[in-house]
Trainee: 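One structure coming up, written as structure tokens, with questions to follow.
Atoms within a ligand are numbered from 1 in the order they appear, just like the ligands themselves.
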Amino acid sequence: MKIAIGNDHAAPELKKEIQAYLEEKGIEVENFGTDTADRCNYAEYAEKVAKSVAGGKADAGILICGTGLGMSMAANKVKGIRAAAVSEPVSARLSKEHNNANILCFGARIVGVEMAKAIVDAWLNAHFLGGRHQMRIDQITALEEKGSI
Ligand code: RB5
């Protein structure tokens, strides 16, 4: 499994912790994020990770900013992306089981390292349930196809 990871200036340290945590599990990680606290713009990193996932170069993505919100909003503009911003493990699990989220987002100013690891574990260990949930995802995809107006 390969995960694309990205972050802005709010999260270089948490990104490093999560990257190492994933690599300890034998997961390949491609780092698209910044490694410094110099101010930058989250949408640029969201785009890189989202395009890697949508294009099939990575199996899934993780995006970390201050809150997880800006990253998820930006990533969800890329066709085929279902990015979920969460701050606890139950939502992380359900984002996979019900929504088949292919990018997980969280905030370094919201969750600590241990909570972030629990969120990642809940999401990685969950499986999409399909059935009625697939039909609802098909509706999201149809919205993408229709465009905004
Ligand atoms: C940066 O200050 C902050 O706005 C960003 O990391 C993120 O939280 C945006 O949603």
Trainee: For ligand 1, which atoms have a heavy atom of Ala10 less than 4.0 angstrom away?
Mentor: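 It comes down to these atoms of ligand 1: 6 (O).
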
Trainee: Do Asp121 and Tyr21 make a side-chain contact, defined as non-hydrogen atoms from C-beta onward lying under 4.5 Å apart?
Mentor: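 In contact.
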
Trainee: Against ligand 1, does Arg109 come closer than 4.0 Å with any heavy atom?
Mentor: yes

Trainee: Would you mind listing which atoms of ligand 1 come within a distance below 4.0 Å of any non-hydrogen atom of Gly66?
Mentor: 5 (C), 6 (O), 7 (C), 8 (O)

Trainee: Counting heavy atoms only, name the option from Asp8, Leu69, Asn7 that's nearest to atom 5 (C) of ligand 1.
Mentor: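 Shortest heavy-atom distance from atom 5 (C) of ligand 1: Asp8.
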
Trainee: I'd like to know if Val113 and Ile62 are part of one continuous hydrophobic network [Ile/Leu/Val/Met/Phe/Trp/Tyr, side-chain heavy atoms within less than 4.5 Å].
Mentor: yes

Trainee: Nearest to atom 10 (O) of ligand 1, what protein heavy atom do you find, and at what distance?
Mentor: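 Going atom by atom, the protein heavy atom closest to atom 10 (O) of ligand 1 ends up being Gly70 N, 2.9 Å.
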
Trainee: Measuring from atom CD1 of Ile81 to atom OG of Ser52, what distance do you get when rounded to the nearest 0.5 angstrom?
Mentor: 9.0 Å

Trainee: Taking both backbone and side-chain atoms of Cys65, is any N or O found less than 3.5 Å from an N or O belonging to ligand 1?
Mentor: no

Trainee: Using atom types as modelled and distance alone, determine if a side-chain donor or acceptor of Lys96 lies under 3.5 Å from a backbone N or O of Trp123.
Mentor: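 Yes, Lys96 side chain to Trp123 backbone: donor-acceptor pair under 3.5 Å.
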
Trainee: Checking side-chain contact (heavy atoms from CB on, under 4.5 Å) for the pair Asn99/His133: CA distance, chi angles, key distance, verdict?
Mentor: CA-CA 7 Å; Asn99 315 111; His133 303 295; over 6 Å; no

Trainee: Give the numbers and elements of all ligand 1 atoms closer than 4.0 Å to a heavy atom of Thr67.
Mentor: 8 (O), 10 (O)

Trainee: So do the side chains of Cys65 and Arg109 get within less than 4.5 Å of each other, counting heavy atoms only?
Mentor: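 Contact flag for Cys65/Arg109 side chains = no.
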
Trainee: Distance to 0.1 Å, residue and atom name: give those for the protein heavy atom nearest to atom 9 (C) of ligand 1.
Mentor: Tyr42 CE2, 3.5 Å

Trainee: Within less than 4.0 angstrom of ligand 1, does His9 place any heavy atom?
Mentor: yes

Trainee: To the nearest 0.5 angstrom, please state how far the CG atom of Leu63 sits from the CZ atom of Phe106.
Mentor: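 The distance works out to 9.5 Å.
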
